[in-house]
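Heads up, the thing below is written out as C-alpha cells.
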Amino acid sequence: MELPGSPECRVFSIQSHVVRGYVGNKAASFPLQVLGFEVDTVNSVQFSNHTGYNHWKGQVLNAEELQELYEGLKLNGVTRYDYVLTGYNRDASFLARVVDIIQELKRQNPHLVYVCDPVLGDKWNGEGSMYVPEELLPVYRDLVVPVANIITPNQFEAELLTGLKIRTKMEAVQVMDKLHSLGPDTVVITSSELPASRGADYLVTLGSQRKVDAQGRIHTQRISLELPRVEAVFVGTGDLFAAMLLAWTHHHPNDFKLACEKTVSAMHHILQRTIRSAKALAGPGVKPTYAQLEIRMVQSRKDIESPELVVTGADL
C-alpha cells in the first residue's frame, strides 16, 4: 500500500495475545501488516486461547512489566510511532500506565494518532453487562478517551461513557457529539440496536468525524452503514475492526465514508467466510464451537487488502 521510498508507518499495539486463535494483537497485527504497517506489539496477557473456551491458561502483564518493556525501547531510541492501538484490558493501574506512555509518545510525535477500542461490555438480548471491573469506566472516561483520536465503542460502551441512551438516530448523534467533546475527532459505534432501513437482518454501524478547517471552523460528517447480521458469537471482531479502521482512515485521510465502507465490507467478507467454514466443520444442525468459530484470518488476506465494497454509507 506504500509508495516506494515512502517512510514506514509504525503502530504500537498494546493488546492481549493468544497462542491459538485470533483476538487482541493476533487479530490486529496481520491485517495491519497486510495493509502496509510495521506493528510493534506488547502483549497485555498471554493466554493459550481466548476465555470463551472451556479451559484457558496463561500469564498477565502488570503495569511495571509494561513500563520495563517501554524503557527498553526508549534506551534504544526506537519509540517514534505514528499510531497507538489498544483494546481489552482489566487492570486500572495498567490502563493508567498506558495513558502515561501515550502522552509521552505524543510529546515526541505531536501527529501521533491513538486508536482506542474502549472495551467495557456489551448487550445480550437487550440487557447490557460489563465484562471488566466497574472501576475501569471512570479511567476510560476521564483518562483514556480524552487522549484518544479515534474510538470504536459498541452502543453499550458509548452509552456508558456518556451516560446517555441511544434509542433513535438523533440520540445517537447526541452521544457521538458528547464523545467528541471528551476528546476524539473520530467516533465509530461499531454495532447498535437501531432499526436498519433494510430490515431486522441488518446491523447498523454509526460514524462521526470532526475536522477543523483553516479558518478554525468545525465540520462534522456523520454516516450510518448497514451490514447483514451473522447469527454467531465471534471473538476478536472488535480488535479486527479497530485495526482495519486505523488502516483505512490512514490510507483515506480525506474520505471518512470510504474508510468506513472498506472496514465494514472487509468485516462482512471475513465473517461470512468464517461462519461458512465453521458450519462445514460442525456438520449439519450442529452449533459450531468456539474453536470452529475462530476468525479465518489468513484465508481472508485478499479481502483485507482489497475489500469488495458491499456496504454503502449514508449520511446521518
Side-chain angles (χ1 to χ4, degrees), residues 1-13 28 31-39 80-86 102 105-106 109-117 145-153 158 169 172-173 175-190 204-227 240-269 302-316:
M1 301 295 296
E2 296 232 0
L3 297 173
S6 62
E8 69 182 19
C9 195
R10 191 168 287 271
V11 180
F12 190 41
S13 182
L32 285 169
Q33 289 164 331
V34 165
L35 289 166
F37 295 81
E38 294 286 350
V39 187
R80 192 194 186 285
Y81 289 99
D82 302 284
Y83 288 89
V84 174
L85 176 63
T86 65
I102 290 168
L105 292 174
K106 284 195 169 193
N109 175 17
H111 300 292
L112 181 145
V113 173
Y114 171 32
V115 180
C116 171
D117 182 8
V145 172
V147 298
N149 303 89
I150 299 173
I151 59 170
T152 59
K169 286 191 174 180
V173 168
V175 165
M176 290 191 288
D177 283 350
K178 185 161 184 182
L179 289 169
H180 283 311
S181 73
L182 295 177
D185 300 320
T186 301
V187 175
V188 176
I189 299 177
T190 56
V204 177
T205 295
L206 303 162
S208 180
Q209 186 175 71
R210 281 192 172 176
K211 288 200 169 184
V212 181
D213 64 20
Q215 286 72 44
R217 292 173 300 206
I218 295 174
H219 301 271
T220 305
Q221 181 181 11
R222 303 185 185 96
I223 59 171
S224 67
L225 306 98
E226 299 182 2
L227 70 158
L240 175 60
F241 187 103
M244 289 196 298
L245 185 69
L246 182 162
W248 289 120
T249 52
H250 174 82
H251 289 307
H252 301 292
N254 298 312
D255 197 335
F256 177 57
K257 180 169 165 285
L258 180 60
C260 289
E261 288 171 347
K262 285 192 173 184
T263 300
V264 173
S265 292
M267 290 295 300
H268 170 76
H269 295 306
K302 290 182 180 176
D303 289 320
I304 294 167
E305 194 168 24
S306 183
E308 178 192 348
L309 293 185
V310 293
V311 178
T312 303
D315 291 334
L316 189 58

_Other residues, nucleotides, ligands: >12 heavy atoms within 6.0 Å of D213 CG_ = yes
_Minimum-distance pair of heavy atoms, taken over all atoms of T205 and L227_ = OG1-CD2, 3.8 Å
*Does a side chain donor of either K262 or H251 reach within less than 3.5 Å of an acceptor in the other side chain?*
no
*asked:* For a quick test of reading the model, state the closest non-hydrogen atom pair linking P31 to L240 and the distance between them.
replied: CG-CD1, 3.6 Å
*Flag the pair H219 / Q221 as yes when at least one side-chain heavy-atom distance between them is below 4.5 Å, and no otherwise.*
no
_Within-4.5 Å side-chain heavy-atom neighbours: F256 and V188_ = yes
*Taking all heavy atoms of G207 and all of M176, pick out the closest pair and write down the distance.*
C-SD, 3.9 Å
_Which residues pass the side chain to side chain donor-acceptor pair (under 3.5 Å) test with N149, not counting sequence neighbours?_
K106
*Tell me, do P184 and I150 make a side-chain contact under 4.5 Å, heavy atoms counted?*
no
*Under the criterion side chain to side chain contact (heavy atoms under 4.5 Å, CB included), which of I102, L246, V147, V115 is the partner of V84?*
I102
*Does any non-hydrogen side-chain atom of L316 lie less than 4.5 Å from one of I223?*
no
*Can you name the nearest heavy-atom pair linking T152 to A242, along with the distance?*
OG1-CB, 3.9 Å
*Go through the structure and list residues passing side-chain contact (heavy atoms from CB on, under 4.5 Å) with N109, not counting sequence neighbours.*
R80, D82, H111, L112
*Check whether any side-chain N or O of T220 sits under 3.5 Å from a backbone N or O of R210 as a donor-acceptor pair, and report yes or no.*
no
_Partners passing side-chain contact (heavy atoms from CB on, under 4.5 Å) against N254 (at least two apart in sequence or in another chain)_ = K211
*Could you tell me which residues satisfy ring-ring contact (aromatic ring centres under 6.0 Å, His included) with Y114, sequence neighbours excluded, listed by chain and number?*
none
*Just jot down the ring-ring contact (aromatic ring centres under 6.0 Å, His included) partners of F12, sequence neighbours excluded, or say none.*
Y81
_Please report the interatomic distance CD1(I151) to CG(L182), rounded to the nearest 0.5 Å._
7.5 Å
*In a check of side chain to side chain contact (heavy atoms under 4.5 Å, CB included) between Y83 and each of V11, L105, V39, L32, which one passes?*
V11
*Non-hydrogen atoms of V310 and S265 that approach each other most closely*: N-OG, 3.0 Å
*asked:* By the salt bridge (Lys or Arg N to Asp or Glu O under 4.0 Å) test, which pairs, at least two apart or in different chains, include something from residues 242-260?
replied: K257-E261
